[in-house]
**Student:** 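This is the structure, below, for whatever I ask next.
It should be emphasised that the depicted structure is a prediction, and the values quoted were computed from it without experimental measurement. Per chain, numbering begins at 1; letters A, B, ... match sequence-line order.
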Amino acid sequence: MTTYIVRRLLLAIPVLLGVSFLVFASVRFVPGDPAMAIAGELATPELVAQVRQEMGLDRPLLVQYAIYLERVLQGDLGRSVRSGLPVAEEIANRLPKTAQLAVLSLLFASAIGIPLGVLSATRANTWVDSLSMMLALIGVSMPIFWLGLMLMIFFSVLLPRWLGLSEPVLPPTGTGTWQHLVMPVMALAATSMAIQARMTRACMLEVLRMDYVRTARAKGVAERWVIYRHALRNALIPIVTIIGLQFGTLLGGAVLTETVFAWPGLGRLLVDAIGYRDYPVVQGTVLVVTLGFVLVNLAVDVLYAYLDPRIRYH
Amino acid sequence: MAPLRRRQTPDVVRRLLRSPSAVLGMVIVSIFLFISVAAPWIAPHDYDQANFRLARKGPSAEYWLGNDELGRDLFSRLLHGARLSMVVGLIAVGIGLVVGTPLGLLSGYLGGATDLAIMRLMDVLLAFPSILLAILLVATFGPGLNNAMVAIGIVSIPVYARLVRSSTLATKNELFVDASRSVGANDLRILVRHIFPNTLAPLVVQSTLQIATAILSASALGFLGLGAPPDVPEWGNMLQKGRTYIFSAPHIVVFPGLAIMLTVLGFNLLGDGLRDALDPRLRR
């Protein structure tokens, strides 16, 4: 087990180096002077010169990358062009908000998606199955920012009108209370929920065909027990991987959800930074979010090996 | 997934037609393709004609889906938007295919250091949440529809490279490849004539599904203001502009989103149907 974890950790290093190199290189492709891009368009020539010198922009690319990497490893992601604050600080302020949204969405998506998949599999090829799979496919096909807007119309206009209320049922934007979380979480969870339902159905169908399930049924184990105890536990293994991959989709989706609901997380920070050509913030946010995604996948792989002993020996 | 061979094609079509959801997908995709080609002739009004008297008016007999924030006909704009979505979908998928397929073929066929180098590069691209990589690329090269298409295409390269690599690995040790080599075929001929055709079936399925993804991603970039310029009737753009009037004129945001959803649903249904029709393991 330890060997497996160590090997998996070592394999992540080139990926992380590659990711950081790509993020580092991106600002070099911005039309114009990279020093100007990092210092901001309104920076004084002295500041631009200082940035150029500090970041070694007049030196070979690999040296520049080494300087960049050294700074990143020390937690220095540069300074925001707009606010003048360290990028790491800006990210640290916003990260909890996005993490809250992503984790709650993932829990909500699993709580609905997995049972829906089980229901579909146990009633395969009936109208229940067709209906839930059609719903899941619609969930995958829907732009989540549009779903967010539709939820807004529903909870702020339609539902109050039907209930004869003068106030929106849920606050359309902002943060602070649990009510503020309901719509963003629902919107962000939709795609993930749909993917989990489809995946659970497929895995369950495969497992339900296995000999040991037939044996369990033959020896008279209650159907509910067969499904949850024997089948779902084994079907869950690939589902866990999918949930891990979903985390990346959720972090990406958070950019859109946060824009719709004016949620002050990393996604909003990124979109605002693009608008202001605040490249240090763009680079830092993309780097941190991707790092989070890589680490979550790493954790999932380890969990996977723990759940399924066969993996460790391959 | 079985290789796509000529004599097998009618069989695949028959299986595809037997699935109601695949047929629904085909119908939606056909309507979408028809609209995107015929938009200028079937649009009832000029999509760009502003009329402030009609601004934000709801659906009427004259303007079926109502008017947008500048009083332009929403229905005509949606029809023209289909065109842009089709172009984005096809070009993004084209980029992914043209770059990803050769990388996957080389990686799987040559193995060794080439395989290692290509696949590690693909791992790096896959390490990014996909929309985030597209955003980074667009932020770098500047917003715009062309850059958005290219970014979405680049993001999909590793998907194709991995898919083709695994089909290549499964095929390269087959007897017919050995036979071809023994009669003197060189590597290029083996790759193009014998291995590539065997990757076609999964590629067809993946490309269909990938068009759906590309349309969704393009609308997301449009919604974030990173896609087409403001006046262009791209669906994501329309949602971004209409957002301001969500409570006073909800139809401006309802219909473009429905258009995206239906189109993406069509490609997803068709892609799923194709997968089932081409995958012999699922045959009953």
Side-chain angles (χ1 to χ4, degrees), chain A residues 11-12 14-19 21-23 25-31 130 133-134 137-138 140-147 149-150 152-153 156-158 172 247-256 259-260 267 270-271 273-275 277 279 282-283 285-286 289-294 297, chain B residues 20-21 24-25 116 120-143 209 212-213 215-217 219-226 235-236 239-240 242-243 246-248 250 253-254 256-269 272:
Chain A
L11 273 175
V15 171
L16 289 174
L17 284 174
V19 165
F21 184 79
L22 218 63
V23 171
S26 67
V27 85
R28 271 79 194 160
F29 290 105
V30 171
S130 308
M133 282 307 108
M134 197 62 189
L137 202 59
I138 289 175
V140 182
S141 307
M142 203 159 28
I144 58 169
F145 50 94
W146 180 69
L147 175 62
L149 295 171
M150 293 303 104
M152 258 186 195
I153 295 180
S156 304
V157 181
L158 297 180
F247 201 73
T249 317
L250 282 175
L251 290 172
V255 176
L256 297 160
T259 304
V260 172
L270 175 65
V271 173
I274 294 173
R277 298 179 176 279
Y279 290 106
V282 173
Q283 281 186 308
T285 317
V286 172
V289 172
T290 307
L291 198 76
F293 182 37
V294 172
N297 278 332
Chain B
S21 57
L24 179 63
L116 196 72
R120 287 300 81 79
L121 184 65
M122 296 300 114
D123 283 349
V124 170
L125 290 180
L126 280 173
F128 290 89
S130 56
I131 188 77
L132 213 62
L133 181 57
I135 289 175
L136 179 71
L137 291 169
V138 175
T140 302
F141 296 108
L209 295 172
T213 311
I215 293 176
L216 267 183
S217 305
S219 71
L221 290 174
F223 180 72
L224 293 174
L226 299 172
W235 292 339
L239 282 170
Q240 193 222 4
R243 241 182 95 191
I246 176 169
F247 296 128
S248 59
V253 289
V254 171
L258 272 179
I260 300 172
M261 190 180 83
L262 262 178
T263 310
V264 172
L265 182 68
F267 280 101
N268 277 334
L269 283 169
D272 277 1

**Student:** How many angstroms lie between CG in B/Leu221 and CG in A/Leu256, if you round to the nearest 0.5 Å?
**Tutor:**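 Rounded to the nearest 0.5 Å, the CG-CG separation comes out at 8.5 Å.
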**Student:** So do the side chains of A/Val289 and B/Pro129 get within less than 4.5 Å of each other, counting heavy atoms only?
**Tutor:**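 In contact.
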**Student:** Quick one: which of B/Leu269, B/Thr140, B/Val264 has the most heavy-atom pairs under 4.5 Å with chain A, could you say?
**Tutor:**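 Winner by heavy-atom pair count: B/Thr140.
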**Student:** Relative to chain A, which of B/Leu239, B/Leu137, B/Asp123, B/Leu125 shows the most heavy atom pairs under 4.5 Å?
**Tutor:**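 Of the candidates given, the most pairs with chain A belong to B/Leu239.
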**Student:** Examine whether an atom of B/Leu262 lies under 4.5 Å from a heavy atom of chain A, and if so say whether it belongs to the side chain, the backbone or both; otherwise answer neither.
**Tutor:**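 Looking at B/Leu262, nothing touches chain A.
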**Student:** Identify the heavy atoms of B/Val124 and A/Pro14 that sit nearest to each other, and give their distance.
**Tutor:**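 Shortest heavy-atom separation between B/Val124 and A/Pro14 comes out as CG2-O, 4.3 Å.
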**Student:** Tell me, side chain or backbone of B/Val138 under 4.5 Å from chain A's heavy atoms, or both, or neither?
**Tutor:**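 Neither; nothing under 4.5 Å.
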**Student:** Side chain, backbone, both or neither: which part of B/Ile215 has a non-hydrogen atom closer than 4.5 Å to chain A?
**Tutor:**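 For B/Ile215, there is no contact with chain A at all, as no heavy atom is under 4.5 Å.
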**Student:** Kindly give the heavy-atom pair with the smallest separation between B/Ala127 and A/Val19, and that separation in Å.
**Tutor:**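 Answer, listing the atom of B/Ala127 first, then A/Val19: CB-CG2, 3.7 Å.
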**Student:** Considering all heavy atoms of both residues, which atom of B/Ala220 and which atom of A/Phe145 are nearest to each other, and what is their separation?
**Tutor:**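 Taking every non-hydrogen atom into account, CA-CE2, 3.5 Å.
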**Student:** What part of B/Leu24 gets within 4.5 angstrom of chain A, counting heavy atoms only: side chain, backbone, both, or neither?
**Tutor:**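 Contact with chain A is through the side chain of B/Leu24 alone.
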**Student:** I'd like to know which of B/Phe223, B/Trp235, B/Phe267 tops the heavy-atom pair count under 4.5 Å against chain A.
**Tutor:**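 Highest number of pairs under 4.5 Å: B/Phe223.
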**Student:** Considering only heavy atoms, which portion of A/Ile274 lies under 4.5 Å from any heavy atom of chain B: side chain, backbone, both, or neither?
**Tutor:**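 For A/Ile274, side-chain heavy atoms alone lie under 4.5 Å from chain B.
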**Student:** Of all of B/Leu226, B/Ile135, B/Val254, which one pairs up most often with chain A through heavy atoms under 4.5 Å apart?
**Tutor:**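 Option with the greatest count: B/Val254.
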**Student:** Please look at A/Met152 and chain B and tell me whether the side chain, the backbone, both or neither of the residue comes under 4.5 angstrom of a heavy atom of that chain.
**Tutor:**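 Looking at A/Met152, backbone and side chain both touch chain B.
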**Student:** Answer yes or no: are there more than 12 heavy-atom neighbours, outside A/Phe29 itself, under 6.0 Å from its atom CZ?
**Tutor:**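 Atom CZ in A/Phe29 is not packed in, count stays at 12 or less.
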**Student:** Considering only heavy atoms and a distance below 4.5 Å, find which of A/Val157, A/Leu291, A/Val282, A/Leu149 pairs most often with chain B.
**Tutor:**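 That would be A/Leu149.
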**Student:** Go through B/Ile260, B/Ile246, B/Leu126 and name the one with the most non-hydrogen pairs under 4.5 angstrom from chain A.
**Tutor:**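 Looking at each option in turn, the highest pair count goes to B/Ile246.
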**Student:** Counting only heavy atoms closer than 4.5 Å, note whether A/Met142 contacts chain B via side chain, backbone, both or neither.
**Tutor:**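 The answer is both parts of A/Met142.
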**Student:** Is chain B contacted by the side chain of A/Phe293, its backbone, both, or neither, given a heavy-atom distance below 4.5 Å?
**Tutor:**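 Contact with chain B: side chain only.
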**Student:** Measure distances from A/Phe21 to the heavy atoms of chain B and classify the residue's part below 4.5 Å as side chain, backbone, both or neither.
**Tutor:**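 Contact with chain B is absent: no heavy atom of A/Phe21 under 4.5 Å.
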**Student:** Between A/Leu11, A/Ile138, A/Leu251, A/Asn297, which has the largest tally of heavy atom pairs under 4.5 Å with chain B?
**Tutor:**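 Most heavy-atom pairs within the cutoff with chain B belong to A/Ile138.
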**Student:** What part of A/Val271 lies closer than 4.5 angstrom to a heavy atom of chain B: side chain, backbone, both or neither?
**Tutor:**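 Side chain of A/Val271 only, per the 4.5 Å heavy-atom cut-off to chain B.
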**Student:** Is B/Ala139 in contact with chain A via its backbone, its side chain, both, or neither, using a 4.5 Å heavy-atom distance?
**Tutor:**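 For B/Ala139, heavy atoms of backbone and side chain both lie under 4.5 Å from chain A.
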**Student:** Identify the two heavy atoms, one from A/Ser26 and one from B/Leu136, that lie closest to each other, and give their separation to 0.1 Å.
**Tutor:**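 In this case the closest contact between A/Ser26 and B/Leu136 is OG-CD1, 3.9 Å.
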**Student:** Examine distances only and state if a side-chain atom of A/Trp146 and a backbone atom of B/Gly236 form a donor-acceptor pair shorter than 3.5 Å.
**Tutor:**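 No, the answer is negative, given that no donor and acceptor are paired below the 3.5 Å cut-off.
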**Student:** Between B/Leu132 and A/Val255, does a side-chain contact (heavy atoms from CB on, under 4.5 Å) hold up when you go through it step by step?
**Tutor:** CA-CA 8 Å; B/Leu132 213 62; A/Val255 176; 4.0 Å; yes
**Student:** Under 4.5 Å heavy-atom distance to chain B, tell me which part of A/Val30 shows up: side chain, backbone, both or neither.
**Tutor:**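 Both backbone and side chain.
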**Student:** Counting only heavy atoms closer than 4.5 Å, note whether A/Leu270 contacts chain B via side chain, backbone, both or neither.
**Tutor:**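 Side chain only.
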**Student:** Looking at every non-hydrogen atom in both residues, tell me the closest pair between B/Arg243 and A/Val260 and how far apart they are.
**Tutor:**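 Minimum heavy-atom contact is NH2-O, 3.8 Å.
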**Student:** To the nearest 0.5 Å, what is the distance between CG on B/Leu265 and CE on A/Met134?
**Tutor:**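 Reported to 0.5 Å precision, the distance equals 5.0 Å.
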**Student:** Could you walk me through whether B/Leu133 and A/Thr290 pass side-chain contact (heavy atoms from CB on, under 4.5 Å), step by step?
**Tutor:** CA-CA 9 Å; B/Leu133 181 57; A/Thr290 307; over 6 Å; no
**Student:** Return the CG to CZ distance between A/Leu17 and B/Arg120, rounded to the nearest 0.5 Å.
**Tutor:**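 Separation between the atoms: 13.0 Å.
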**Student:** Could you have a look at A/Val15, A/Val294, A/Ile153 and say which one has the most heavy-atom pairs with chain B under 4.5 angstrom?
**Tutor:**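 That would be A/Ile153.
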**Student:** Nearest heavy-atom pair of B/Leu216 and A/Val140: which atoms, and what distance?
**Tutor:**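 Looking at all heavy atoms of both residues, the closest pair is CD1-O, 3.6 Å.
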**Student:** Under 4.5 Å heavy-atom distance to chain A, tell me which part of B/Ser219 shows up: side chain, backbone, both or neither.
**Tutor:**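 For B/Ser219, heavy atoms of backbone and side chain both lie under 4.5 Å from chain A.
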